[in-house]
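The first residue in the sequence is number 1, and the count goes up from there.
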Amino acid sequence: VQLQAFGGGLVQPGGSLRLSCAISGQTTSDNFMNWFRQAPEKAREFVAGIRWREGTKRYADFVKGRFTISRDGARKLVYLQMDSLKPEDTAVYFCASSPGIITNVAGARAWGQGTLVTVSS
């Protein structure tokens with residue numbers, strides 16, 4: 001399976017941005033799609049995850065109420081809607097698949113390349 005994230009850019013504090021992750025290649029047995037992010041000189045951290053079939057969602061505490069993960073099964077896309085963005089949300093955002101629920105990089109199986117989100121005035 002190949003994953004490709006896109007949609008990053010520069011946005012002002014308080015603004016919104018929607019990231020997309022396109023899934024292609026062989027069908028994966030992974031049941032979950034996730035978003036991670038990595039800020040400069042920091043470890044990659046879990047942001048949100050969604051169970052592909054049922055749509056069950058999980059979020060890191062620092063994005064609850066601001067970010068929304070969703071998926072479009074027909075188009076094989078996973079989205080991350082980011083609202084009320086803060087400067088500390090600045091990071092490279094990655095999508096990743098996993099066979100089960102994960103909250104760190106150890107459980108991820110396939111990774112897409114990252115897309116940079118910069119929140120600045």
Side-chain angles (χ1 to χ4, degrees):
V1 63
Q2 289 81 47
L3 307 176
Q4 183 174 2
F6 53 96
L10 174 64
V11 62
Q12 292 187 341
S16 298
L17 204 61
R18 188 177 79 162
L19 305 182
S20 301
C21 176
I23 305 167
S24 62
Q26 293 183 338
T27 302
T28 176
S29 60
D30 288 349
N31 298 313
F32 291 81
M33 290 298 300
N34 310 277
W35 286 97
F36 284 77
R37 71 184 187 185
Q38 187 166 16
E41 300 183 0
K42 291 190 176 181
R44 194 171 297 188
E45 60 183 357
F46 173 82
V47 175
I50 186 167
R51 189 179 182 107
W52 189 258
R53 188 172 298 176
E54 293 86 1
T56 308
K57 304 171 185 180
R58 294 171 56 89
Y59 297 96
D61 287 343
F62 55 79
V63 301
K64 283 182 179 178
R66 299 191 300 124
F67 291 10
T68 303
I69 188 171
S70 62
R71 86 267 193 249
D72 183 331
R75 298 177 65 190
K76 293 188 177 180
L77 290 167
V78 179
Y79 303 106
L80 185 67
Q81 176 67 41
M82 305 185 294
D83 300 317
S84 302
L85 282 161
K86 306 174 182 180
E88 51 264 43
D89 294 318
T90 295
V92 177
Y93 285 72
F94 300 85
C95 55
S97 65
S98 61
I101 295 173
I102 60 173
T103 55
N104 59 66
V105 299
R109 184 131 62 184
W111 291 90
Q113 92 294 347
T115 185
L116 177 62
V117 173
T118 304
V119 184
S120 175
S121 55

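- Put simply, CD on Gln12 and CG on Leu17 are 12.5 Å apart, with the number rounded to the nearest 0.5 Å.
- Here the options are Val47, Val11, Val117, the test is side chain to side chain contact (heavy atoms under 4.5 Å, CB included), and the partner is Met82; only Val117 passes.
- Counting only heavy atoms from C-beta outward, the side chains of Glu45 and Phe62 approach each other to under 4.5 Å.
- Between Tyr93 and Thr115 the shortest side-chain heavy-atom distance falls below 4.5 Å.
- At least one side-chain heavy atom of Lys57 sits under 4.5 Å from a side-chain heavy atom of Thr68.
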Checking side-chain contact (heavy atoms from CB on, under 4.5 Å) for the pair Trp52/Val78: CA distance, chi angles, key distance, verdict?
CA-CA 9 Å; Trp52 189 258; Val78 179; 3.4 Å; yes

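- Using a 4.0 Å cut-off between charged side-chain N and carboxylate O, Lys86 and Asp89 make no salt bridge.
- Here the side chains of Leu85 and Phe67 are in contact, with some heavy-atom distance below 4.5 Å.
- Contact check for Phe94 versus Val105: no side-chain heavy atoms found under the 4.5 Å cut-off.
- The shortest non-hydrogen separation linking Ala108 to Ser98 is CA-CB, 4.3 Å.
- The two atoms that bring Ala48 and Tyr59 nearest to each other are CB-CD2, 3.7 Å, heavy atoms only.
- Taken from SG in Cys21 to CD in Gln113, the straight-line distance is 8.5 Å, to the nearest 0.5 Å.
- Side chain of Thr90 to backbone of Val119: a donor-acceptor contact under 3.5 angstrom is found.
- Taken from CG in Leu80 to CE in Met33, the straight-line distance is 11.5 Å, to the nearest 0.5 Å.
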Go through Ile102 and Phe32 one step at a time and tell me if the side-chain contact (heavy atoms from CB on, under 4.5 Å) criterion holds.
CA-CA 9 Å; Ile102 60 173; Phe32 291 81; over 6 Å; no

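- The shortest non-hydrogen separation linking Arg37 to Ala91 is CB-CB, 3.9 Å.
- The ring-ring contact (aromatic ring centres under 6.0 Å, His included) test applied to Phe36 returns Phe46, Trp111, not counting sequence neighbours.
- In this structure, CD on Gln81 lies 5.5 Å from OG on Ser16, to the nearest 0.5 angstrom.
- Looking only at distances, a side-chain donor or acceptor of Asn34 sits under 3.5 Å from a matching main-chain atom of Ala96.
- Note that the CZ atom of Arg51 and the CZ atom of Arg58 stand 11.5 Å from one another [nearest 0.5 Å].
- Here the CZ-CG distance, from Arg109 to Leu3, works out to 12.0 Å after rounding to the nearest 0.5 Å.
- Shortest non-hydrogen contact noted between Pro99 and Gly107 is CD-O, 3.7 Å.
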